[in-house]
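Okay, so here's the structure we're looking at.
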Amino acid sequence: MTDVSYQHQTHEAEASLGDYFALLKPRVMSLVVFTALVGLLAAPVSVHPVIAFASILFVAIGAGASGALNMWWDADIDAVMKRTVKRPIPAGKVTPNEAKVLGVALSGMSVMMLALSANLLAAGLLAFTIFFYAVIYSMWLKRSTPQNIVIGGAAGAFPPVIGWVIATGSLSVEAWLMFALIFMWTPPHFWALALFMKSDYDDAGVPMLTVTHGRKATRLHILVYTVLLVALAVGTAFTAIGGPVYLTVAVVLNALFLKGAFDIWRRDEAQAEADGYAVEKSFFKLSLLYLFLHFGAILVEAMLPTAWGIWA
């Protein structure tokens with residue numbers, strides 16, 4: 001990370017509260033909050049609503065801290081990528097040092113408060129998640145290997161595990177199934193984005209699979225990972241966190257997802273350019289719904305026994 005070029009950058013405008021909030025990557029944070037909440041509510045142990053609210057809030061703050069640290073470290077490459085050039089640091093609204101201080105402060109606060117509101121294991125997992133995303137992924141993997149997204153996906157997969165541990169104080173197979181669902185979803189999701197973002201990653205010097213192995217290989221990788229993801233996602237229906245509602249959602253979604261991956265695999269770049277990467281963009285949009293609907297189905301399955309109990 002080359003911090004020097006940003007340290008003396010003149011702000012285009014005074015930073016607003018919204019600029020600092022943008023450092024926390026609110027869209028990513030919303031997914032973290034949702035999956036952590038599902039992990040908490042799917043657990044076989046009830047949690048007092050006040051404790052649950054406070055714990056999920058601290059997980060959200062921890063996720064935001066990771067985002068701020070990522071933006072601090074990636075300020076140089078964010079400035080040359082079309083997708084990220086308007087972020088607060090490259091836009092000149094916030095300095096890298098401000099982002100770093102905010103990230104470190106929120107990291108410490110979120111971990112300490114989660115330990116107090118929930119338990120030490122949950123706090124330890126949150127601390128490890130922040131470290132993994134900020135250091136292992138952002139500082140090491142992202143710029144050194146085309147497996148950056150594959151391994152780095154673990155950071156985004158921990159929130160439901162943390163939610164489960166908040167409720168139970170321990171780990172279980174069900175928690176790791178939710179982890180695996182996000183972990184296996186991450187590569188095809190980001191590789192589809194890399195296909196239609198064209199030269200962004202190449203310009204930034206990020207060794208994304210499209211850059212190091214080419215687009216044809218990337219299309220094959222999307223298909224292979226999607227096949228593995230489909231088997232995992234549908235198989236989860238027959239575990240303690242699954243059920244008929246989840247199975248229905250999983251079968252429909254995964255049939256669409258598998259078809260999309262197959263369509264991407266059989267296309268070449270000439271076809272993709274001819275229609276403006278319509279298939280790749282459609283697959284990416286579906287991937288945005290994919291996790292939300294799967295975890296929504298897990299949440300419904302967790303709530304059904306309670307609903308039946310009320311009406312019985």
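Sequence positions, counted from 1, serve as the residue numbers for this chain.
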Can you see whether [X] engages [Y] through a side-chain donor-acceptor pair at a distance of less than 3.5 angstrom?
| X | Y | result |
| --- | --- | --- |
| Gln147 | Thr145 | no |
| Ser55 | Ser117 | yes |
| Tyr277 | Gln271 | no |

Exercise for the section: Tell me whether the centres of the aromatic rings in Phe257 and Tyr290 are closer together than 6.0 Å. Expected result: yes
Handout entry: Aromatic ring proximity, centroids under 6.0 angstrom, Trp191 and Tyr225
Key = yes
For a quick test of reading the model, state the closest non-hydrogen atom pair linking [X] to [Y] and the distance between them.
| X | Y | result |
| --- | --- | --- |
| Leu24 | Ala65 | CD2-N, 4.4 Å |
| Ala91 | Lys86 | CB-O, 3.9 Å |
| Ser110 | Ile61 | CB-CG2, 3.9 Å |
| Phe58 | Leu114 | CD1-N, 3.9 Å |
| Thr212 | Pro146 | OG1-CB, 3.2 Å |
| Val32 | Ala63 | CG1-CB, 3.7 Å |

Practice task
Check the pair Ile222 / Phe283 against side-chain contact (heavy atoms from CB on, under 4.5 Å), numbers first and verdict last.
Solution key: CA-CA 10 Å; Ile222 289 173; Phe283 181 86; 4.0 Å; yes
Handout entry: All pairs passing ring pair (Phe, Tyr, Trp, His ring centres under 6.0 Å) where residues 145-183 contributes a residue, at least two apart
Key = Phe128-Phe158, Phe158-Phe179, Trp176-Phe179, Phe179-Phe183
Short question: side chain of [X], backbone of [Y] - any donor-acceptor pair under 3.5 Å?
| X | Y | value |
| --- | --- | --- |
| Arg143 | Val206 | no |
| Ser282 | Ala278 | no |
| His189 | Trp185 | no |
| Glu98 | Thr95 | yes |
| Asn254 | Val251 | no |
| Ser138 | Val135 | no |
| Thr239 | Gly235 | no |

Problem - Matching residue for Ile241 among Val173, Leu299, Val38, Ile298 - test: side-chain contact (heavy atoms from CB on, under 4.5 Å) - result: Ile298
Fill in the blank from the handout: From the list Leu126, Leu121, Leu120, side-chain contact (heavy atoms from CB on, under 4.5 Å) with Val165 holds only for Leu121
Hydrophobic clustering (ILVMFWY, side-chain heavy atoms < 4.5 Å, transitive) - are [Y] and [X] grouped together?
| X | Y | result |
| --- | --- | --- |
| Phe21 | Val59 | yes |
| Val101 | Trp72 | no |
| Leu209 | Trp140 | yes |
| Val230 | Phe238 | yes |
| Leu288 | Phe34 | yes |

Completion exercise
For residues 121-142, the salt bridge (charged side-chain N to carboxylate O under 4.0 Å, His left out) pairs (sequence neighbours left out) are Asp74-Lys142
Close side-chain approach of [X] and [Y], heavy atoms under 4.5 Å:
| X | Y | answer |
| --- | --- | --- |
| Pro88 | Tyr20 | no |
| Leu193 | Arg83 | yes |
| Lys25 | Met71 | yes |
| Ile162 | Ile166 | yes |
| Leu102 | Leu69 | no |
| Val85 | Val80 | no |
| Pro187 | His221 | no |
| Ile89 | Arg87 | no |

Exercise for the section: Under the side-chain contact (heavy atoms from CB on, under 4.5 Å) rule, what do Leu125 and Val161 come out as? Steps first, then yes or no, please. Expected result: CA-CA 8 Å; Leu125 284 172; Val161 179; 4.1 Å; yes
Exercise for the section: Applying side-chain contact (heavy atoms from CB on, under 4.5 Å), run through Thr186 and Ile149 and close with a yes or a no. Expected result: CA-CA 7 Å; Thr186 303; Ile149 287 301; 3.8 Å; yes
Just verifying a value: how many Å separate [X] [atom1] and [Y] [atom2], rounded to the nearest 0.5 Å?
| X | Y | atom1 | atom2 | answer |
| --- | --- | --- | --- | --- |
| Leu253 | Leu291 | CG | CG | 10.0 Å |
| Thr210 | Arg215 | OG1 | CZ | 5.5 Å |
| Ile51 | Leu116 | CD1 | CG | 11.5 Å |
| Arg27 | Leu31 | CZ | CG | 11.5 Å |
| Ile182 | Thr35 | CD1 | OG1 | 4.5 Å |
| Leu258 | Thr226 | CG | OG1 | 7.0 Å |

Problem - Salt bridge Glu280-Arg219, side-chain N to carboxylate O under 4.0 Å - result: yes
Problem - NZ/NE/NH1/NH2 to OD/OE distance under 4.0 Å, Arg267 and Asp263 - result: no
Exercise for the section: Give the ring-plane orientation class for His294 versus Tyr246, where under 30° counts as parallel, over 60° as perpendicular and anything between as tilted. Expected result: perpendicular
